[in-house]
J.: 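Here's a structure for you.
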Amino acid sequence: MAEVRVRFAPSPTGYLHIGGVRTALFNWLFARHAKGKLILRIEDTDQDRSTDEAIQAILDGMRWVGLDWDEGPFRQTERMDLYRQQALRLLEQQQAYWCLCTAEDLEARRKEAMAKGLQPGYDGRCRERGITVPSGSAALRFKASREGQIVVEDLIKGRVVFDNNVLDDLIILRSNGYPTYNFSVVVDDALMGITHVIRGDDHLNNTPRQIPIFKALGHAIPSFGHLSMIMGADKAKLSKRHGATSILAYKDMGYLPEAMINYLVRLGWSFGDQEIFALAELIEKFDLAHVQKSSAVFNPDKLLWMNAHYIQHGEPKRLAGLLRPFFGQVDLGEAAAKASDVWMEKLVVTLRERAKTLVEMATAAVPYLQEELTVEPAAAEKFLTPAIAPSLTKLTDRLEGVADFSKAVLEETFKNFLEEEGLKIGQLAQPVRVSLTGRTASPGIFEVMDLLGRDRTLARLRQGIALAGRTRP
RNA sequence: GUCCCCAUCGUCUAGCCUGGCCUAGGACGCUGGCCUUUCAAGCCAGCAACACGGGUUCAAAUCCCGUUGGGGACGCCA
């Protein structure tokens with residue numbers, strides 16, 4: 001069995017979006033599963049719309065989700081001679097011909113045909129003109145067969161049959177000398193030895209136009225697998241209208257790459273009822289046979305749930321590292337920079353059950369990094385009352401005497417204190433919580449004390465007592 | 001308009017190929033409960049789908065045909 005070679009071939013006309021990442025992911029998984037190669041090819045033959053920034057965004061996006069490639073990135077604009085050479089070869093073989101029709105003319109004829117309800121394709125006007133040396137600008141068209149049919153045995157969709165009479169003669173070389181998409185893909189897929197073309201559904205109709213070109217070039221035809229599209233909630237193809245679709249935007253929103261991967265792979269592929277997959281497991285289990293034929297709606301809620309799952313189960317050390325850049329967003333970049341890695345891991349462990357994204361986690365971390373605690377007025381109003389001040393004072397004195405400021409000892413001391421005072425935990429926990437965090441909701445108070453450390457815990461409790469003891473209007 | 005693809009809970013899906021085990025399973029979300037020092041997390045329960053119509057068959061979510069609906073493509077874009 002020959003080596004499997006697949007490719008991901010984005011065009012750099014915009015950022016790398018969710019749909020593109022999924023296509024890349026399925027190719028990547030297919031290649032890794034088969035121990036084959038993934039080739040990254042940038043299809044930048046559209047001079048007007050391709051940008052270097054977009055190329056960079058694609059590479060950054062791929063790297064962020066951890067999809068690496070074995071060859072490339074190749075840029076089609078660096079392979080122009082190749083396409084021209086191959087195109088001219090087809091001309092020599094009389095499988096292509098010069099066309100003098102202008103773009104404007106073609107556009108007008110297309111509209112006219114559409115209006116009449118006819119097929120809008122090229123009418124073949126120059127097909128038999130036998131133009132050998134074109135004067136001025138001319139495009140080169142592929143001479144397609146008009147009879148018979150093309151059968152595609154699609155790896156995902158199954159057998160798809162196209163009648164050749166619905167196809168027209170497509171341009172392979174523009175009058176500016178650049179190849180068109182349908183030609184450059186074929187040349188590259190052929191020359192790069194691609195064995196499986198796994199791409200979006202929107203290319204299914206291009207397949208019967210590309211197969212004859214493979215044949216004309218004298219090259220073996222690869223297998224094809226067409227992935228269904230990802231839709232927005234309105235069931236239309238996912239686009240900018242559906243919010244942040246750039247993959248890097250999800251990075252900024254505090255999503256974990258593994259959550260993204262796991263979510264995306266389940267959007268169209270399944271392995272029984274399993275939802276959570278480690279990467280190694282995906283490589284082992286992935287196959288095209290279980291890829292859904294129908295399109296899928298992107299569900300942000302499930303992605304969020306998936307992210308929460310990975311935050312909750314991920315390695316604290318790694319999570320802590322990923323979290324650090326987010327403190328800038330909450331104006332605590334400096335404080336965070338001073339915090340040790342060990343402390344940061346502890347922070348992650350205490351906050352992870354309450355944060356669905358790294359952004360949420362950074363926000364939740366504010367009370368623990370703040371030098372001067374911001375206390376929510378409503379929280380103080382409700383729980384830091386004069387009535388509680390004596391108990392709070394006594395508790396603080398007691399805590400002050402604790403030598404080992406660990407969670408277990410703290411908890412034991414606290415419980416003993418409650419018993420002696422005849423208090424219930426509910427009566428004192430909230431005042432302590434508000435003193436310590438300034439909020440009514442937080443992780444368990446002993447975890448908080450542990451995180452804050454002795455000095456800050458005691459200082460904040462004293463501050464809480466002061467707040468509780470002060471007279472109010 | 002023409003061609004192509006698709007069709008199971010609101011959403012992602014299992015089941016479909018190889019009909020019976022399906023009074024259709026799981027997940028997200030939603031609702032309720034439990035746990036509980038708050039909030040979460042966790043656990044338990046509940047709501048909720050085979051688009052429609054014909055066939056084939058003893059039997060159809062599963063096979064066939066049609067209808068409807070959705071999507072995609074029809075470019076000197078990719």
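Note that these values count all heavy atoms, side chains included, but never hydrogens, waters or copies made by symmetry. A, B, ... follow the sequence lines: proteins, then strands. Residue 1 opens every chain.
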J.: Between B/rU2 and B/rA14, how far is it from one C1' atom to the other, in whole Å?
T.: 37 Å
J.: If a protein heavy atom is under 4.0 Å from the base, mark B; if only from the sugar-phosphate, S; if neither, -; do that for nucleotides 60-74 of chain B going 5' to 3'.
T.: -----------SBSB
J.: Taking CD in A/E420 as the centre, count heavy atoms belonging to other residues, nucleotides or ligands within less than 6.0 Å. Is the count above 12?
T.: yes
J.: How would you label the contact of A/T13 with the nucleic acid (heavy atoms, under 4.0 Å): base, sugar-phosphate, or nothing?
T.: nothing
J.: Take atom P in B/rC65 and the same atom in B/rU56, then report the distance between them in whole Å.
T.: 15 Å
J.: Contact class for A/C99 vs. all strands (heavy atom < 4.0 Å): base, sugar-phosphate, or nothing?
T.: nothing
J.: Distance check, C1' atoms only: B/rC9 and B/rC4, in whole angstrom units.
T.: 29 Å
J.: Determine whether the side chains of A/R433 and A/S442 contain a donor N or O and an acceptor N or O closer than 3.5 Å.
T.: yes
J.: When the C1' atoms of B/rU13 and B/rA48 are compared, how many Å lie between them, rounded to an integer?
T.: 15 Å
J.: Decide if atom CD of A/Q274 counts as having more than 12 heavy atoms of other residues, nucleotides or ligands within a radius under 6.0 Å.
T.: yes
J.: Across the strands shown, which category fits A/Q292 at heavy-atom distances under 4.0 angstrom: base, sugar-phosphate, nothing?
T.: sugar-phosphate
J.: To the side chain of A/T180, which of B/rC12, B/rA78, B/rC6 is closest?
T.: B/rA78
J.: Given that both distances must come in under 3.5 Å, which nucleotide forms a Watson-Crick or G-U wobble pair with B/rC50?
T.: none
J.: Counting heavy atoms from C-beta on, name the nucleotide in B/rG26, B/rC5, B/rG10 closest to the side chain of A/K157.
T.: B/rC5
J.: Looking only at the side chain of A/I171 (C-beta and beyond, no hydrogens), which of the listed nucleotides B/rA7, B/rC76, B/rA78 gets closest?
T.: B/rC76
J.: Under a 3.5 Å threshold, yes or no: a donor from one side chain and an acceptor from the other, between A/Y250 and A/N307?
T.: no
J.: Output yes when at least one side-chain N/O atom of A/S137 is less than 4.0 Å from OP1 or OP2 of B/rC76, else no.
T.: no
J.: Indicate the ring-plane relationship of A/F271 and A/F277, choosing parallel, tilted or perpendicular according to the 30° and 60° boundaries.
T.: perpendicular
J.: Both A/F271 and A/A139 contact RNA chain B. Taking the nearest nucleotide for each, which residue is further toward the 5' end?
T.: A/F271
J.: Using the C1' atoms only, state how far B/rG15 lies from B/rU31, rounded to an integer number of Å.
T.: 28 Å
J.: Find which nucleotide of RNA chain B each of A/R22 and A/E43 is nearest to by heavy atoms, and output the residue with the more 5' nucleotide.
T.: A/R22
J.: What residue among A/W305, A/Y255, A/F298 forms ring pair (Phe, Tyr, Trp, His ring centres under 6.0 Å) with A/Y263?
T.: A/F298
J.: Short question: side chain of A/E419, backbone of A/N416 - any donor-acceptor pair under 3.5 Å?
T.: no
J.: Mark yes when over 12 heavy atoms from residues, nucleotides or ligands other than A/K143 sit less than 6.0 Å from its NZ; otherwise mark no.
T.: yes
J.: Using only heavy-atom distances, decide whether a donor-acceptor pair under 3.5 angstrom links the side-chain of A/S175 to the base of B/rC76.
T.: yes
J.: Sticking with atom P, work out how far B/rG19 lies from B/rC63, rounded to a whole angstrom.
T.: 9 Å
J.: Does a sphere of radius 6.0 Å around CD in A/E153 hold more than 12 heavy atoms from other residues, nucleotides or ligands, not counting ones at 6.0 Å or beyond?
T.: yes
J.: Can you tell me which nucleotide in B/rU2, B/rA14, B/rA27 comes closest to the side chain of A/D273?
T.: B/rA14
J.: Check the phosphate of B/rA27 against A/K302, side-chain N and O only, distance under 4.0 Å to OP1 or OP2. Yes or no?
T.: no
J.: Could you please name the option among B/rC28, B/rA7, B/rC4 that lies closest to any side-chain atom of A/S294?
T.: B/rA7
J.: Which part of the nucleic acid, if any, lies within contact of A/G200, taking any heavy atom under 4.0 Å across all strands shown: a base, the sugar-phosphate backbone alone, or nothing?
T.: nothing
J.: How does protein contact run along nucleotides 31-52 of chain B, one letter per nucleotide 5' to 3', with B for base contact, S for sugar-phosphate only, - for none, heavy atoms under 4.0 Å?
T.: ------BBBBS-----------
J.: What's the gap between B/rU23 and B/rG29 when it is taken at their C1' atoms, as a whole Å value?
T.: 26 Å
J.: What is the distance from atom OG1 of A/T23 to atom NE2 of A/H226, rounded to the nearest 0.5 Å?
T.: 10.5 Å
